[in-house]
Amino acid sequence: MNTQTYDTLIVGAGAAGMMCAIEAGRRGRRVLVVDHARAPGEKIRISGGGRCNFTNTGTGPANFLGENPRFATSALKRFSQHDFVKRVDQAGIAWHEKTLGQLFCDDSAKLIVRMLTDAMAEAGVVLRTGTGVASVARAGDGFAAVLSDGTAVKATSLVLASGGRSIPRMGATGWAYDTARAFGLRVTETRPALVPLTFETGLLETLLPLAGVAVDVVVRNNPDPITTSAASSSPKGDRPNDMASSSAKRDRPTFKEAMLFTHRGLSGPAILQISSYWREGEAITVSMAPGVDVLARLKAARDENGGKAAVHTALGHIVPRRLAESLCEREQVSGKLAEVGGKTLMRLDAAVNGWTVKPVGSEGYRTAEVTLGGVATDQLDQQTMAVKTVPGLYVIGEAVDITGWLGGYNFQWAWSSGWAAGQVC
Ligand code: FDA
């Protein structure tokens, strides 16, 4: 069998794998990147609605989940969001800040893919798409792999950069996890994250008329079933900080972003964010008019014009009209403001700003933007992503048990961890 020899074999031509390949290639390493997808960087191409939210100006370890989010600190510092922005600027790619430090391309996400593939080509990296790995094993000081097309490859370094399980139809696999396990590494529990949440049929039916309604909310995880409205008989789920640090802040993270009612349940940035902390059996609490004293506003409206306005109309000045109508229907409140008492208005206030609801599940890997969990960080060197027990083996990007919030943090982790490994692999 014809054997090809490289210094570095990188499996996965996503954000992390390409960044790693560029850096290793620039160091003069002979680098082969294989990806079973037809094109490199497919997730970059579709990300951010086609505009790629490529980083976040505020990136820091606090924006990540995992057994030990602080593991990310070193790589994030060594190749920061500012370093990536410099590369985007050097490539002449126009960008803008959308919100909350999130940087997007002005034009197409394809420009980021092109920037990376051009840099790989300049660094002499060999890229083979449509090619998977049939087998890989330790061979002497290095590794021996057989690619899906039968080519045998020898390399001194092997980089697992094949990402997580999210969006299998785009080629996502558990290959990195399986391979890491085969090399004796521990992989933490993996689950879909940054994903819409779903509801049981009965509740969903009541919410269906709201499908398409978007509202700015504050949402928090409500891990203690006793304090939730519908949870007294529910099984107690893992507390969210099982995946995160033990600080009280992480225990009940709060996100202030948009929420969208869908035909399946709830989506939108606020829900995707909280989904990373939510566990089966837990509730979430949503404030749909954050910072607004709904009771005071309704009372004031009742005092105007003799309280002639319909309750749902008055509420419709505080939250979207369809939501106001639905809330009034759910709380069985109708008629004019003048006809309702203080207790009823308090109920409406609670329905708006203290909606506690228990999802039954999520849409799963089919739509999840990322996979929570992955190769345990205590087995990796935080400066280089090298596996401590297997010289020459590296794990980078989403395959590692480091998961970012929504907002460009996951790509930044991919760039930073890929860069870090690329300095040594
Ligand atoms: P990534 O998944 O990018 O790359 C892995 C590569 O390995 C893929 O090309 C895959 O084909 C290949 N592969 C998998 N298994 C293989 C195998 N067995 N053999 C060979 N190749 C294999 N993040 C962000 O910061 N900003 C954003 O705007 C978005 N938007 C977004 C939208 C959508 C729809 C999704 C699904 C995800 C995002 N993300 C995001 C998350 C972001 O895409 C993700 O965190 C990074 O792509 C992870 O980079 P990696 O290189 O680690 O994996």
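All values below come from the heavy atoms of this structure, side chains included, with hydrogens, waters and symmetry mates left out. Sequence positions, counted from 1, serve as the residue numbers for this chain. Just so you know, ligand 1 is whichever comes first in the structure, and atom 1 is the first atom listed for that ligand.
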Item checked: From CA spacing to verdict: side-chain hydrogen bond (donor to acceptor under 3.5 Å, both in side chains), T285, N222 -> CA-CA 6 Å; T285 298; N222 202 345; 2.8 Å; yes

Between [X] and ligand 1, find which residue part has any heavy-atom pair under 4.0 Å and reply side chain, backbone, both or neither.
X    : answer
Y409 : backbone
W175 : side chain
T55  : neither

Nearest-neighbour protein heavy atom for [atom], which is reported as residue plus atom name and distance:
atom                    : answer
atom 36 (C) of ligand 1 : I167 CG1, 3.5 Å
atom 25 (O) of ligand 1 : F411 N, 2.8 Å
atom 31 (C) of ligand 1 : E369 OE1, 3.4 Å
atom 53 (O) of ligand 1 : G163 CA, 3.5 Å
atom 15 (N) of ligand 1 : T173 OG1, 2.7 Å

For ligand 1, which atoms, with element, lie under 4.0 Å from some heavy atom of [X]?
X    : result
I46  : 34 (C)
G397 : 52 (O)
N53  : 24 (C), 25 (O), 26 (N), 27 (C), 28 (O)
A37  : 11 (O)
E398 : 44 (C), 45 (O), 46 (C), 48 (C), 52 (O)
G14  : 3 (O), 4 (O), 6 (C), 51 (O)
A16  : 51 (O), 52 (O)
N410 : 23 (N), 25 (O), 45 (O)

Notebook entry, point to check: Taking the non-hydrogen atoms of S166, is any one of them nearer than 4.0 angstrom to ligand 1?
Noted result: no

Check: Does G408 reach ligand 1, in the sense of a heavy atom lying below 4.0 Å from it?
Finding: yes

Say whether [X], considering both its backbone and side-chain N or O atoms, lies within less than 3.5 Å of an N or O atom on ligand 1.
X    : answer
T131 : no
D35  : yes
G41  : no
C52  : no

Margin query: Quick check: F411 with W415 (ring centres under 6.0 Å apart)?
Written below: yes

Notebook entry, point to check: Given the side-chain rings of F183 and F143, with only the six-membered ring counted for Trp, is the space between their centroids under 6.0 Å?
Noted result: yes

Less than 4.0 angstrom from a charged side-chain N to a carboxylate O is my criterion; do [X] and [Y] meet it?
X    : Y    : answer
D378 : R186 : yes
E42  : R169 : no
R321 : E325 : yes
D178 : R181 : yes
E282 : R279 : no

Note to self: Counting only heavy atoms not in E200 (residues, nucleotides, ligands), do more than 12 fall under 6.0 Å from its CD?
What the structure shows: yes

Item checked: Among A109, A172, S47, closest by any non-hydrogen atom to atom 30 (N) of ligand 1 -> S47

Margin query: Counting only heavy atoms, tell me which of K43, H36, Q102 gets closest to atom 16 (C) of ligand 1.
Written below: H36

Next item on the list: Could you go through the side-chain hydrogen bond (donor to acceptor under 3.5 Å, both in side chains) check for S166 and T371 one step at a time?
Entry: CA-CA 6 Å; S166 312; T371 303; 3.0 Å; yes

Check: Would you say the side chains of Q412 and T55 form a donor-acceptor pair under 3.5 Å?
Finding: yes

Notebook entry, point to check: Would you say the side chains of N221 and Y277 form a donor-acceptor pair under 3.5 Å?
Noted result: no

List the atom pairs, donor and acceptor, that lie under 3.5 Å between side-chain atoms in residues 265-275 and the rest of the protein, sequence neighbours left out.
{"residue": "Q273", "atom": "OE1", "partner": "L406", "partner atom": "N", "Å": "2.8"}
{"residue": "Q273", "atom": "NE2", "partner": "E257", "partner atom": "OE2", "Å": "3.0"}
{"residue": "Q273", "atom": "NE2", "partner": "L406", "partner atom": "O", "Å": "3.1"}
{"residue": "S275", "atom": "OG", "partner": "L194", "partner atom": "N", "Å": "3.1"}
{"residue": "S275", "atom": "OG", "partner": "V195", "partner atom": "N", "Å": "2.9"}
{"residue": "S275", "atom": "OG", "partner": "V195", "partner atom": "O", "Å": "3.3"}
{"residue": "S275", "atom": "OG", "partner": "L272", "partner atom": "O", "Å": "2.6"}

Check: Which class fits the ring pair F79 and F84: parallel under 30°, tilted 30 to 60°, perpendicular over 60°?
Finding: perpendicular

